[in-house]
Amino acid sequence: MTVRILRPVSCSRTAAPDELRRAVRLVAAGEALLSPAVTRRVMDAAAAAGPRTVDAAALAVLTDRERDVLVEVARGLANDEIAAALHLSPATVRTYVSRLLTKLDARDRAQLVVIAYRAGLVAP
């Protein structure tokens, strides 16, 4: 028997049926999804949270490609979209996201977004 753990999905109650189907497909494929509205709230919270600094040593451990993936995560892109933008396979993007979570001691993608904004890698 296979047990699957579904990851949190951000999908509003007013989401169009196509959006809901896309969210279900992403989760079924093992992806995570932050809607643009949730990404905006995370960005606003990060901007209001105070100083936009992150320990430089924490970011120094990232490779250039990990940093590229972090920027795309912060822009709210799904793994498939990041893969297309950076010419990588979705599996490779998942590996990079997993490494980012570990290296930056982040619990989820939302926390990666906050780290990227506080580090100044992206701006609201």
Query raised in the report: When rounded to the nearest 0.5 angstrom, what is the spacing between CG in L112 and CZ in R109?
Result: 7.5 Å
Query raised in the report: Any donor-acceptor pair under 3.5 Å linking the side chain of K103 with the backbone of L62?
Result: no
Requested in this report: Indicate the atoms forming the closest heavy-atom contact of A74 with V113, along with that distance.
Outcome: CA-CG2, 3.8 Å
Query raised in the report: Rounded to the nearest 0.5 Å, how far apart are CG of L104 and CD of E66?
Result: 8.5 Å
**Report entry** Rounded distance [0.5 Å steps], CG in L86 versus CG in L77
**Finding:** 8.5 Å
Query raised in the report: How long is the span from the CG atom in L88 to the CD atom in E72, to the nearest 0.5 Å?
Result: 10.0 Å
Report task. For I115 and A106, work out which heavy atoms get closest and say how close. Result -> CD1-CB, 4.1 Å
Report summary line: Those residues at least two apart in sequence (or on a different chain) that pass side chain to side chain donor-acceptor pair (under 3.5 Å) with T95 are none
Query raised in the report: Atom CG of L100 and atom CG of D105: how far apart are they, to the nearest 0.5 Å?
Result: 12.5 Å
Query - salt bridge (charged side-chain N to carboxylate O under 4.0 Å, His left out) partners for R65, two or more places apart - result: D68
Query raised in the report: Mind checking what makes side-chain contact (heavy atoms from CB on, under 4.5 Å) contact with A91, not counting sequence neighbours?
Result: S89, R94
Requested in this report: First locate atom CZ of R107, then atom CG of L101, and finally report the distance between them rounded to the nearest 0.5 Å.
Outcome: 11.0 Å
